[in-house]
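Note sheet for the following structure.
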Amino acid sequence: MTLLEHIGRYSLLVKRAFARPEKHKMYYIRLIREMEALGINSVGIVIIISFFMGAVITIQTAYNTENPLLPAYLIGLAARDSILLEFSSTIVALILAGKVGSRIASEIGTMRVTEQIDALEIMGVNSAGYLILPKILALVMLAPFLSLISMVVGITGGWIAGVSAGVITTNEYVTGIQFAFIPYYITYSLIKSVIFAFIITSVSSYHGYFTAGGALEVGKASTLAVVHSSIVILLFNLILTQLLLS
Amino acid sequence: MIEVRNISKSFDGDPVLRDISISFEQGKTNLIIGKSGSGKTVLLKCIIGLHEVDNGEIFYSGESFTAMNVKAKKEIRQKFGMLFQGAALFDSLSVEENVRFKLDMFTRMNRLEKKKRVDFCLERVNLGNKNSLYPAELSGGMKKRVAIARAIVLNPRYLFCDEPNSGLDPQTAILIDQLIKDITEEFNMTTIVNTHDINSVMEIGEKVVFIDNGQKWWEGTNMEILKTENQELNDFLFANKMVRRLKEIDDI
Ligand SMILES: Nc1ncnc2c1ncn2[C@@H]1O[C@H](COP(=O)(O)OP(=O)(O)OP(=O)(O)O)[C@@H](O)[C@H]1O
Ligand SMILES: [Mg+2]
């Protein structure tokens with residue numbers, strides 16, 4: 001299949017996923033389950049990664065700016081901006097693409113190869129809607145919170161690491177993260193996280209939904225889901241940065 | 001009644017069904033028999049629209065299914081009950097939730113009514129007290145039976161069963177066959193069953209269609225089948241020595 005055919009089939013699938021639900025209550029129940037499976041269960045990994053990345057960013061910035069003319073609080077400022085602008089949305093999205101994307105593709109792919117999707121269709125249920133819509137909504141709704149958590153934990157990690165390594169004092173760090181603060185950066189990051197959440201869930205669902213074959217193909221679908229979500233995220237990161245920051 | 005007219009289907013140029021026409025009668029258990037790989041599952045999937053046919057048309061009570069749009073297909077499918085060859089139970093739902101699924105999705109029944117209906121259907125397939133188990137915790141035969149309960153929960157007008165009793169012991173197999181026949185008559189459904197089990201043919205084959213290599217070779221009743229002169233069908237039927245002896249006795 002060519003790229004264009006994939007995009008066409010993907011668009012049709014997403015359109016089907018947003019068709020009117022047969023029964024709202026059934027979709028709502030799934031939404032709650034997916035919020036737990038995709039969102040709540042990702043909080044742990046987001047916290048761990050954000051903490052260490054915040055720490056590394058701060059220490060690296062400190063060592064790269066060992067210039068007596070630059071005030072130390074700039075380290076805090078630089079760490080803050082990296083975390084807000086790129087880290088809390090893009091890097092977290094890439095991590096989630098690995099965790100959530102493979103999960104979605106293998107779940108839906110298994111349902112495909114064991115004919116569970118056919119079973120839904122034969123009952124007169126829109127399988128794309130029932131399986132995919134709740135996943136998209138769940139992650140889109142929770143991604144901004146994950147992003148906020150990542151910001152807070154990342155900045156905290158930077159502070160703890162910076163102070164323990166003796167490259168910056170608490171006072172300087174706190175001054176730094178407040179200095180020339182642009183609140184729009186947070187909005188920017190949250191917007192990106194929502195779009196990335198949509199990409200991860202829809203692209204991974206696409207790969208799962210069109211799995212053909214058996215267990216081997218389910219594995220392939222789940223790998224492809226991660227790779228393709230990541231590429232699309234990076235591509236859109238470029239576009240969004242241009243659109244939102246220029 | 002379901003009518004299939006001149007349907008053909010091929011995969012990547014490999015013909016699997018060749019110009020098949022059959023009419024499946026209402027209130028009867030219609031059997032499709034044939035060797036493994038003869039095209040039974042593909043035929044059934046064409047009839048219910050999981051595969052698009054290359055040629056030909058399918059009619060449900062006189063209405064062309066092939067010509068229906070997505071919405072109309074969705075509606076008529078709510079009157080379908082389907083048992084897949086591999087059961088296709090929803091992994092993430094318990095036995096009870098699996099059987100209840102269509103009630104949840106398409107009816108306004110209250111909790112108690114649903115519970116009663118689910119228990120009734122599970123009783124009919126001899127599976128009381130398994131409500132809270134998950135598909136992974138069931139044996140192959142139990143999965144099949146849950147799938148049958150799920151298929152009949154909304155009293156379908158059309159029931160499709162792909163090898164309902166493969167993997168079941170003879171006793172349970174007969175029970176399932178009888179169950180399918182009973183509910184077919186009780187609710188005047190049009191039932192199509194794929195099987196290669198001669199027992200089923202003799203027990204419930206009010207109408208039997210034999211396909212081989214994607215073609216229809218014979219149709220008739222279980223009464224007529226032992227007397228057939230059709231070579232392919234005879235080879236299929238009398239692969240089993242016991243049945244061959246039966247025929248010999250019958251001939252005398
Ligand atoms: N999705 C598919 N793509 C390509 N070929 C297929 C597909 N499904 C079935 N076939 C081919 O069609 C032929 C008939 O398969 P089918 O599953 O209908 O057999 P069957 O009669 O149901 O056999 P069994 O009794 O073993 O279930 C086989 O040769 C199979 O390889
Ligand atoms: Mg089959």
Side-chain angles (χ1 to χ4, degrees), chain A residues 1 12-13 15-38 41 103-104 106-135 138 208-215 218, chain B residues 11-12 41 44-51 65 68 70-93 97-109 111 135-136 143 146-148 150-154 156-163:
Chain A
M1 268 176 93
L12 288 176
L13 182 68
K15 187 167 161 244
R16 266 184 66 204
F18 279 88
R20 206 184 130 77
E22 291 81 14
K23 192 158 194 178
H24 286 93
K25 192 174 157 223
M26 290 292 277
Y27 279 61
Y28 180 73
I29 293 172
R30 289 215 42 115
L31 177 65
I32 301 296
R33 285 192 190 176
E34 298 296 351
M35 283 171 100
E36 187 187 345
L38 306 182
N41 286 348
R103 185 200 151 99
I104 290 177
S106 57
E107 181 191 330
I108 298 183
T110 304
M111 291 189 74
R112 166 62 75 194
V113 301
T114 55
E115 298 182 313
Q116 294 175 52
I117 292 184
D118 289 338
L120 280 172
E121 287 292 321
I122 285 310
M123 291 176 180
V125 175
N126 170 10
S127 60
Y130 182 67
L131 295 177
I132 300 174
L133 184 63
K135 293 189 198 306
Y209 197 83
F210 290 106
T211 307
V218 173
Chain B
F11 291 105
D12 304 320
T41 299
L44 202 61
K45 286 190 175 177
C46 284
I47 293 172
I48 59 183
L50 282 179
H51 289 320
F65 181 67
M68 282 181 199
V70 176
K71 191 161 167 276
K73 272 191 184 153
K74 234 176 113 169
E75 255 157 44
I76 196 166
R77 279 177 169 171
Q78 290 171 18
K79 299 178 198 149
F80 286 9
M82 168 82 189
L83 168 65
F84 285 86
Q85 195 162 353
L89 296 177
F90 302 129
D91 291 329
S92 58
L93 303 181
E97 289 165 329
N98 261 286
V99 179
R100 204 180 59 209
F101 189 86
K102 278 169 107 173
L103 302 180
D104 285 338
M105 200 57 123
F106 299 115
T107 72
R108 292 175 175 278
M109 286 184 180
R111 243 185 142 89
K143 283 184 199 162
V146 175
I148 292 176
R150 183 177 71 174
I152 62 174
V153 72
L154 258 188
R157 278 187 58 197
Y158 309 100
L159 181 64
F160 307 95
C161 304
D162 200 354
E163 316 257 357

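When reading the values below, keep in mind they use all heavy atoms of this one structure, side chains included, and skip hydrogens, waters and symmetry mates. Just so it is clear: chains get the letters A, B, ... in the order the sequence lines come, proteins before strands, and each one is counted from 1. This structure is a prediction, so every number in the text was calculated from the model and none was measured.
Residue contact with chain B, scored on non-hydrogen atoms closer than 4.5 Å, involves the side chain of A:M26 exclusively. If you measure heavy-atom distances from B:K73 to chain A, you find no contacts under 4.5 Å at all. Only the side chain of B:L50 comes within contact range of chain A, judged by heavy atoms closer than 4.5 Å. Contacts of B:L89 with chain A are made by backbone atoms alone, with heavy-atom separations under 4.5 Å and no side-chain atom involved.
Comparing A:E115, A:Q116, A:K23 by how many heavy-atom pairs each has under 4.5 Å with chain B, the most go to A:Q116. Of the listed residues B:F160, B:F106, B:F80, the one with more heavy-atom pairs under 4.5 angstrom with chain A than any other is B:F106. Ranked by heavy-atom pairs shorter than 4.5 Å toward chain A, the options B:Q85, B:Q78, B:K79 are led by B:Q78.
Just one residue in the list B:K102, B:R108, B:R100 forms a salt bridge (charged side-chain N to carboxylate O under 4.0 Å, His left out) with B:D104, and that residue is B:R100.
Within 6.0 Å of the CZ atom in A:F18, the count of heavy atoms belonging to other residues, nucleotides or ligands exceeds 12.
In this structure, B:R150 is positioned above the aromatic face of B:F90, its NZ or CZ under 6.0 Å from the six-membered ring centre and within 45° of the axis.
Put simply, the side chain of A:R103 never gets that close to the backbone of A:A37: no donor and acceptor are under 3.5 Å apart.
Between B:F101 and A:Y130, the ring centre distance stays below 6.0 Å.
When side chains are defined from C-beta on, A:L13 counts as touching A:F210, because their heavy atoms get closer than 4.5 Å.
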